[in-house]
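Residue numbers start at 1 and run along the sequence shown. Only a predicted model underlies this, so the values are computations on that prediction, with no experimental measurement involved. The figures that follow rest on heavy atoms only: side chains count, while hydrogens, waters and symmetry mates do not.
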Amino acid sequence: MYDLKETSGLSISTDENGKLTFWAELDSIDPDVRYKKDMQDVFYDKNGQGPDELYYMYRGVGYKEDRELMAKHGLRYDITVLRSGQIGPEYIKTVGHYHPLKPGTEVTYPEVYEVLYGTAHYLLQTEPDDDGVDVILVEAKPGDKVLIPPGYGHITINPGPEVLVMSNWVAYGFDSVYSPIKELGGGAYFELAAEGEDQRFIPNPRYKPAPRISLRQVQDHPELGLISGKPMYQEFISSPEKFAFLTQPENYF
């Protein structure tokens, strides 16, 4: 078992297969499971072999005494666990999605992620248009926060030998938009397992013109309650007003 109390601020742990255990005052939550068969359209190798269960989504995690505060600010706290391994030559990843527009604005909802255990590669990408797609790659370690700003979709990849556990804050009632990525057979890039010491990022040929990729380091945003090493669950409980950017993006971006 891997204890996640230090990085999450919550009484939770996970096993090597990606199942969470909730301790103390936390209610146990049954996860939504993402199966290999649900993701055939987005793999590099559509016939690649790998495990049937790829990742687990625990939605609405939190202590009972904090639920009223979450509801007041219109937010939900989720935890996602990606198993390690591959589908064919490709590392296990999420399906990937874009974010909807906030009603009455021209700004899509943002989202913020925090790595609790393992290593994450976040691929952020703009929506395809005549100029192509811009892709940003961010590598994050335990305690790191990654902000998904308006205008970007994203895919999370587990390139490590152990499970990847991450949490996120998102506007309550948020409906992810999956169709643009599924229709193009996956994200703008596929991350394939290392050959020697090199990892391989292969552009998706269905994106025209060819997508552009750049690297970005993890960055703290203390004004938004996002500080490496400080659990963002606890940051919200102590300073919920800092997380208003998730529900009022038109005032921040």
key: Centroid-centroid distance, H99 to F174, less than 6.0 Å   = yes

inquiry  = A quick test of your reading: do over 12 heavy atoms of other residues, nucleotides or ligands sit less than 6.0 Å from NZ of K102?
reply    = yes

For E90, salt bridge (charged side-chain N to carboxylate O under 4.0 Å, His left out) partners two or more places apart = K93

inquiry  = Please tell me whether Q125 and Y98 have a donor and an acceptor in their side chains that are separated by less than 3.5 angstrom.
reply    = yes

query = Is the closest side-chain donor-acceptor distance between S228 and D220 under 3.5 Å?
reply = no

request  = Name all residues meeting the salt bridge (charged side-chain N to carboxylate O under 4.0 Å, His left out) criterion together with R76; count only those two or more places apart in sequence or in a different chain, and write none if there are none.
outcome  = D78

inquiry  = Let me check something: do V177 and L123 share a hydrophobic cluster, defined by ILVMFWY side-chain heavy atoms less than 4.5 Å apart, either directly or through other members?
reply    = yes

inquiry  = Run Y113 and H154 through ring-ring contact (aromatic ring centres under 6.0 Å, His included) and show every step you take.
reply    = CA-CA 11 Å; Y113 284 83; H154 58 98; 5.2 Å; yes

request  = Indicate, with yes or no, if the rings of Y189 and F201 have centres closer together than 6.0 Å.
outcome  = no

key: Ring center gap for Y77 and Y233 short of 6.0 angstrom   = yes

Give the table of side-chain donor-acceptor pairs shorter than 3.5 Å for residues 22-39, with sequence neighbours excluded, one pair per line with atom names and distance.
{"unit_1": "W23", "atom_1": "NE1", "unit_2": "S13", "atom_2": "OG", "d": "2.9"}
{"unit_1": "D32", "atom_1": "OD2", "unit_2": "R59", "atom_2": "NH1", "d": "2.3"}
{"unit_1": "R34", "atom_1": "NE", "unit_2": "Y55", "atom_2": "OH", "d": "3.1"}
{"unit_1": "R34", "atom_1": "NH2", "unit_2": "Y178", "atom_2": "OH", "d": "3.4"}
{"unit_1": "K36", "atom_1": "NZ", "unit_2": "Q40", "atom_2": "OE1", "d": "3.4"}
{"unit_1": "K36", "atom_1": "NZ", "unit_2": "G48", "atom_2": "O", "d": "3.3"}
{"unit_1": "D38", "atom_1": "OD2", "unit_2": "Y35", "atom_2": "N", "d": "3.1"}

key: Criterion side-chain hydrogen bond (donor to acceptor under 3.5 Å, both in side chains) on S11 and Y63, from CA distance to verdict   = CA-CA 9 Å; S11 300; Y63 292 112; 3.3 Å; yes

